[in-house]
Amino acid sequence: MNTFVPRKDYLVFGAPKIEDEEIQEVVDSLQSGWLGTGPKVARFQDMFSEYVGADHAIALNSCTAGLHLSFLVSGLKPGDEVITTPMTFCATVNTIIHAGAVPVLVDCEKDSMLIDPQRIEDAITPRTRAIVPIHLCGRPCDMDAIETIARKHDLIVIEDAAHAIESVYKGRKIGSISTLTCFSFYVTKNIITGEGGMVTTNNPDLADKIKMYGLHGMSRDAWKRFSDDGYKHYQVVFPGFKYNMMDIQAAIGIHQLAKIDKYLQRRNEIWSRYDEAFADLPVGTPLPARPENVHARHLYTLMIDEARCGLNRDAFLQRMHELKIGTGVHYLAVHLHPYYRQRFGFQASDFPNAAWISERTASLPLSPKMTDEDVEDVIRTVRHVLHA
Ligand SMILES: *Cc1c(COP(=O)(O)O)cnc(C)c1O
């Protein structure tokens with residue numbers, strides 16, 4: 001008889017790997033008394049702009065803040081339309097709304113789960129101002145097609161690269177391609193600062209504006225107020241926000257960024273192991289990465305189809321949870337949530353691919369913190385739940 005023994009301790013989904021150097025650096029910040037925006041934020045920004053090959057990197061307290069400010073500094077006016085896809089986190093769409101613009105959703109492709117360039121082109125109106133691609137799970141969007149559309153219709157491209165810190169599109173690093181790119185260091189992301197985000201750009205004026213809007217709208221010199229050059233008066237030139245990153249956060253980020261390639265390599269190993277172990281199961285596994293791109297391996301998703309698997313996605317998640325494996329759902333599509341349904345009158349069938357994925361997708365643990373034993377626990381538990 002085949003007796004299945006669940007693992008003993010719960011495997012948390014999206015657990016960050018935090019090592020001694022991060023801990024020591026945070027302690028150093030605490031001991032120095034400099035907790036807020038200071039030299040470590042400056043160092044993290046320099047490291048990050050060098051890593052992605054962008055002229056400017058502005059550290060903020062979240063990717064959501066980065067998206068919000070990116071839309072504001074792009075000069076969107078009320079009623080302007082911004083095209084994105086429902087297969088994303090709600091923050092992408094919420095920030096478009098906060099900037100006073102109208103989110104126009106277009107469906108994703110069913111296999112890649114990425115925004116469909118043809119549908120972008122079909123949705124363009126005289127009010128369209130911007131396109132927001134999401135590199136879902138770490139897979140780069142078709143940026144050649146998106147850039148061609150943007151150039152043809154004079155649109156700005158703002159990338160949601162929350163999953164795509166390491167991603168490269170045809171030799172071009174994500175973060176160096178479009179006018180503005182937003183990254184997340186939320187605790188489940190590929191590198192973390194607890195809460196935190198970064199905007200990259202090659203445009204010095206936009207970089208200055210993001211810094212200023214993110215710190216109360218105080219003029220550029222006010223930013224330097226946090227130095228030891230002596231007291232400086234500040235001048236408010238815009239009713240800004242409080243979105244700056246703290247040195248305590250950057251203290252973690254500096255050491256996380258130094259280990260980014262090592263962590264990606266580990267997630268690549270786990271990914272290959274999953275691909276191999278699930279090949280014979282009646283589940284959908286992620287589309288292979290394109291050889292010309294670097295996939296950031298942020299989320300490993302299974303498609304659980306009730307007709308093929310004998311149980312639906314939610315039952316699968318529940319069984320995994322009972323057997324001590326944490327999982328996630330990325331995502332329940334934006335257009336299915338009550339607020340957007342009511343405000344924009346969306347029906348599930350408006351974006352059939354995103355709705356199809358929403359019902360079936362399940363993300364498995366994929367953290368560099370996982371041991372080989374953890375990986376094997378996930379595999380044998382998935383196989384057990386699917387009666388394989
Ligand atoms: C995590 C995430 C965000 C928001 O990032 P925060 O840093 O938590 O604000 C935005 N978009 C996508 C696709 C995300 O996964």
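Read the numbers this way: they start at 1 and go in the same order the structure lists the ligands and their atoms.
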Checklist entry - At a non-hydrogen distance cut-off of under 4.0 Å, which region of Asp160 contacts ligand 1 (side chain, backbone, both, or neither)? => result side chain
Checklist entry - Below 4.0 angstrom, N of the basic side chain to O of the carboxylate: do Arg7 and Glu373 qualify? => result no
Item to check | Heavy-atom neighbours of Gln265 CD exceed 12 at 6.0 Å | outcome: no
Next on the checklist: Just to check, does Lys189 reach to within less than 4.0 Å of ligand 1 when the distance is taken from its heavy atoms?
Outcome noted: yes
Item to check | Centroid-centroid distance, Phe238 to Tyr213, less than 6.0 Å | outcome: yes
Item to check | Donor-acceptor side-chain pairing of Thr371 and Asp374 below 3.5 angstrom | outcome: yes
Checklist entry - Of the backbone atoms (N, CA, C, O) and the side-chain heavy atoms from C-beta on, which set of His330 has a member under 4.0 Å from an atom of ligand 1: side chain, backbone, both, or neither? => result neither
Item to check | Atom indices of ligand 1 within 4.0 angstrom of Gly196 heavy atoms, with elements | outcome: 7 (O)
Checklist entry - Counting distance only, does the side-chain N/O of Asp107 pair as donor-acceptor with the main-chain N or O of Ala354 below 3.5 Å? => result yes
Checklist entry - Within less than 4.0 angstrom of ligand 1, does Gly66 place any heavy atom? => result no
Checklist entry - Based purely on interatomic distance, does Tyr186 place a nitrogen or oxygen under 3.5 Å from a nitrogen or oxygen of ligand 1? => result no
Checklist entry - Based purely on interatomic distance, does Cys63 place a nitrogen or oxygen under 3.5 Å from a nitrogen or oxygen of ligand 1? => result yes
